[in-house]
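Since the structure comes first, as structure tokens, the remarks are kept for the end.
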Amino acid sequence: LAGRGSVFVQCFGPDAAPLGPAALVAPQALAAAVPADAVKLGDGWALAGARADLADTGLADPTVVAALAAERAAGPLPAPLYLRGPDAELPREAPPVLLD
């Protein structure tokens, strides 16, 4: 779930390579964004009125994730991927003047 009524989606091939970029979609558009024969994982499917194929919670088993990470070749560390802009805004007013 991405919050604000949206879900994150990204499709991967059998070799775990991404088939396209990650996207932020409305729950109603989730089924159209994923191939019909895909294995569905994640908690966004409940918002779309469907069930995930794996794990009711949509969360990966941490031991499996750790085992997969241990098998991967050394490479760059993961970096955050932001699909939506920040909610925080800079103040519109000048800061108060401090008196001595």
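Only this structure's heavy atoms are used, side chains among them; waters, hydrogens and symmetry mates stay out.
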Would you say Gln10's side chain and Gly20's backbone share a donor-acceptor pair under 3.5 angstrom?
-> yes
Taking C-beta and beyond as the side chain, do Pro18 and Cys11 meet within less than 4.5 Å on heavy atoms?
-> no
Separation between CZ (Phe8) and CG (Leu81), nearest 0.5 Å, reads 8.0 Å
Considering only heavy atoms from C-beta outward, does the side chain of Phe12 approach that of Leu19 to under 4.5 Å?
-> no
Of all heavy-atom pairs linking Val9 and Ala33, the shortest is CG1-CB, 4.3 Å
